[in-house]
Amino acid sequence: MNEDLLKVENLTTYLASRAGIVTAVDDVSFSLKRNRTLALVGESGSGKSMTCLSIENLLPQNGKVAGGRVLFKGEDLLKKSSKEMEKIRGREIGMILQDPMTSLNPLFTIGHQVGEVFRYHKNLRGEALKKAVIEVLEKAQIPAVAERLNSYPHEFSGGMRQRVAIAINVACGPDLLIADEPTTALDVTVQLQILRVLRELQQSSGMSMILVTHDLNLVERFADEVAIMYAGKIVEQGSVKEVFTRPMHVYTRSLLAAIPRLDEKVDRLRTVPGQPPSLINPPPGCRFAVRCTLADDKCRTEYPDWTKDGKQGHQATCWKAGEAIK
Amino acid sequence: MKKTPYISVKNLTKIFQIKGGLFSASRPLRAVNNVSFDIPVGETFGLVGESGSGKSTIAKMVMGALQPTEGKVRVSDVDVGIFEQSELSRLCRLLQPVFQDPYSSLDPSMRISSIIDEPLRVQRLCKSAAERKEKVAEVLDQVGLPPDSARRFPNEMSGGQRQRVAIARSLVINPQCLVLDEPVSALDVSVQAQILNLLKDIQDKNALTYLLISHDFAVVSFICTQIGVLYLGEFMELGSRDDIIHNAQHPYTKALIATADPAAERRLDIKAADIKGEIPSPMSPPGGCPFHPRCPVATERCKSEKPLWREVEKGHMVACHLV
């Protein structure tokens, strides 16, 4: 049976700001099985990146996990020391960030930077090291690898740099790869290529992936499961197919309707008026209520329970899950 | 009847000289190559392409911010292409830009009111401060911001609100045309839809002409009446919105459409996955058809011979041997 590789339970993360304590991640729970991809979707400030940083124990100075558990292969990552986490990051958990130009060091060659992972985690040297580097760069589908080992990041295009970042992160065969907006800085045709590289790597190695994105188009193409985040909370989760064909939460439904579709000529796009609430003192009820066209008094005062759809764990926190949008 | 073009671009070419090193000569970079299009009054022309396709270079030449190497640009009765101060100063009254990133395009130390009325002050269009204030209130209302936002600073506003401020600043001198350079790509999906609707409303109300630059076919197909697809500084295809979206001919256009919308991808014979590699450096463009190294259906002829820019149906132009 396929057991959960990662199980996040009631994760809550605070960020200190000048204006007060921000609850960036609020009581977030989800689980991820082996060889599956979970997409964390949300607008900027919804807490998707903070969730990932909490999992990896890489929160900024002003951030702190206030509660919950992050069970990775049954062990709570939040209880690990930073020394222990250093061993896990890069070996068992890889992380790919948005901008490959900032995650690569401009002063070292590609070969050196990819090699660093093997030197540090696998203690490889000499010919064995070079062989391993070439092999993993080939896995990331970089053409003519042998000639490019001595190239510097600036000699690579954006897409190629992101492939190098992928190579570094899958070098040790991680069980989990967290990709935080991995293609946002890239051209549209290159975005799909990069995600295809990731998917092929996943198919051959059986790793799990968390794909953080705001692009629903990419979620539809590449993820198995999806969790929609709004104002620090997961408001809907389930299989991509279920959530996209039968969205429950009014927010998810509005979001899907707001994407312009090429084949339908419309005069106006459906919009979600307003903007997310401040997370310093969030409202007691549903956080989407102020922007929701269906909201009533109950929505504004009482946080919604999970409504289950019954199909493949599809659920949403919305009192109005069954009602049609006017 | 053919409407009179508000913006007319003829055989526009821009060659940058890229400085060589200490011992190497400078080399030419052809950023825009022989591009022509017209935008009729009150319509929206969308320039679509990936980074390095030359779309922003074209916009800069239309805005009079960059001198064309060859070719003509006319905006209304202003000859922008000759790049002379007398003409360009008339241009700012007619045409205003809106940029991609509302975080960097607004001065953080200025109040919203002075950001918006700066063009009025520079152009000396209002006699009194009271008149300027009235004008600011009017455009704030037009872009859907509350009147009290005039006193606020940019950092007190969200991305969507900032982009509304940027639009208000462009509208304040009553221009006839806006150049929109990726106006929504820095915004979240739900906010993106708000801004796109707003741009459409403002256009209808003020009969504005738009030149829109975007890499996103979904955005372009919603707001544009005409679309031109650029690749390495040249048009691959150009036509009405419906011609391009429903009857795309060029493999690159099809690939971009397929990438933008999985539903549209199903009816196309070229899929998003068929396009390999990345846009090559414009320093050393490939011979023949510029798209041939990435084209899934390229033939021997595409490698050696440049396809002609020809009309396949009325107003629908394409440069491809296989059409």
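Both backbone and side-chain heavy atoms feed into the values below; hydrogens, waters and symmetry mates do not. Computed from a prediction, not measured in an experiment: that's the story for all the values here.
Looking at A/Glu43, the atoms closer than 4.5 Å to chain B (heavy atoms on both sides) sit in the backbone and in the side chain alike. In this structure, chain A has no heavy atom under 4.5 Å from any part of B/Gln192. Heavy atoms closer than 4.5 Å to chain A are found in both the backbone and the side chain of B/Ala272. Contact of B/Asp216 with chain A is not made at all, since no heavy-atom distance falls under 4.5 Å. Heavy atoms of A/Arg268 lying under 4.5 Å from chain B belong to its backbone as well as its side chain.
Taking chain B as the reference chain and counting heavy-atom pairs below 4.5 Å, the highest number among A/Thr271, A/Asp187, A/Val272 is found for A/Asp187. Each of A/Ser157, A/Ala258, A/Ser254, A/Gly158 has some count of heavy-atom pairs under 4.5 Å with chain B, and the biggest count is that of A/Ser157. Between chain B and the options A/Ile259, A/Leu186, A/Thr189, the largest number of non-hydrogen pairs under 4.5 Å is found for A/Thr189. The candidate with the highest count of non-hydrogen atom pairs below 4.5 Å against chain A, out of B/Ser158, B/Gly144, B/Ser281, is B/Ser158.
Take B/Ala264 and apply the side-chain contact (heavy atoms from CB on, under 4.5 Å) test, not counting sequence neighbours, and it matches A/Leu262, A/Asp263, B/Ile257, B/Asp261, B/Arg267.
Atom-to-atom distance recorded for B/Ile223:CD1 and A/Leu269:CG is 9.0 Å, nearest 0.5 angstrom. Put simply, CD on A/Gln141 and NZ on B/Lys276 are 9.0 Å apart, with the number rounded to the nearest 0.5 Å. Distance check, rounded to the nearest 0.5 Å: OG of B/Ser221 to CD of A/Glu264 gives 10.0 Å.
Between A/Gln193 and B/Ile275, the shortest heavy-atom distance links the atoms NE2-O, 3.1 Å. Contact between B/Glu278 and A/Val190 at its shortest, heavy atoms only, is CG-CG2, 3.4 Å. Among all heavy-atom pairs drawn from B/His215 and A/Val188, the shortest one is CD2-CG1, 3.7 Å. The heavy-atom pair separating B/Asp188 from A/Ser44 by the smallest distance is OD2-OG, 2.7 Å. Between B/Ala273 and A/Arg196 the shortest heavy-atom distance is CA-NH2, 3.2 Å.
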Would you tabulate the side-chain donor-acceptor contacts of residues 212-224 of chain A under 3.5 Å, counting partners in other chains and residues two or more places apart, or write 'none'?
from, atom 1, to, atom 2, distance (Å)
A/Thr213, OG1, A/Asp215, N, 2.9
A/His214, ND1, A/Glu181, OE1, 3.1
A/His214, ND1, A/Glu181, OE2, 3.2
A/Asp215, OD1, A/Asn217, N, 3.0
A/Asn217, OD1, A/Arg221, NE, 3.1
A/Asn217, ND2, B/Thr259, O, 3.1
A/Asn217, ND2, B/Ala260, O, 2.9
A/Arg221, NH1, B/Glu265, OE1, 2.9
A/Arg221, NH2, B/Ala258, O, 2.6
A/Arg221, NH2, B/Thr259, O, 3.2
A/Arg221, NH2, B/Glu265, OE1, 3.4
A/Asp224, OD2, A/Thr37, N, 2.7

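Listed in order of number, the residues of residues 230-239 of chain A that approach chain B to under 4.5 Å between heavy atoms amount to none.
Among residue pairs with one or both ends in residues 141-155 of chain B, those qualifying as side chain to side chain donor-acceptor pair (under 3.5 Å) are B/Gln142-B/Asn206; sequence neighbours excluded.
Side-chain contact between A/Arg261 and B/Pro262 is present, with heavy atoms from C-beta onward closer than 4.5 Å.
More than 12 heavy-atom neighbours from other residues, nucleotides or ligands sit within 6.0 angstrom of NZ on B/Lys200.
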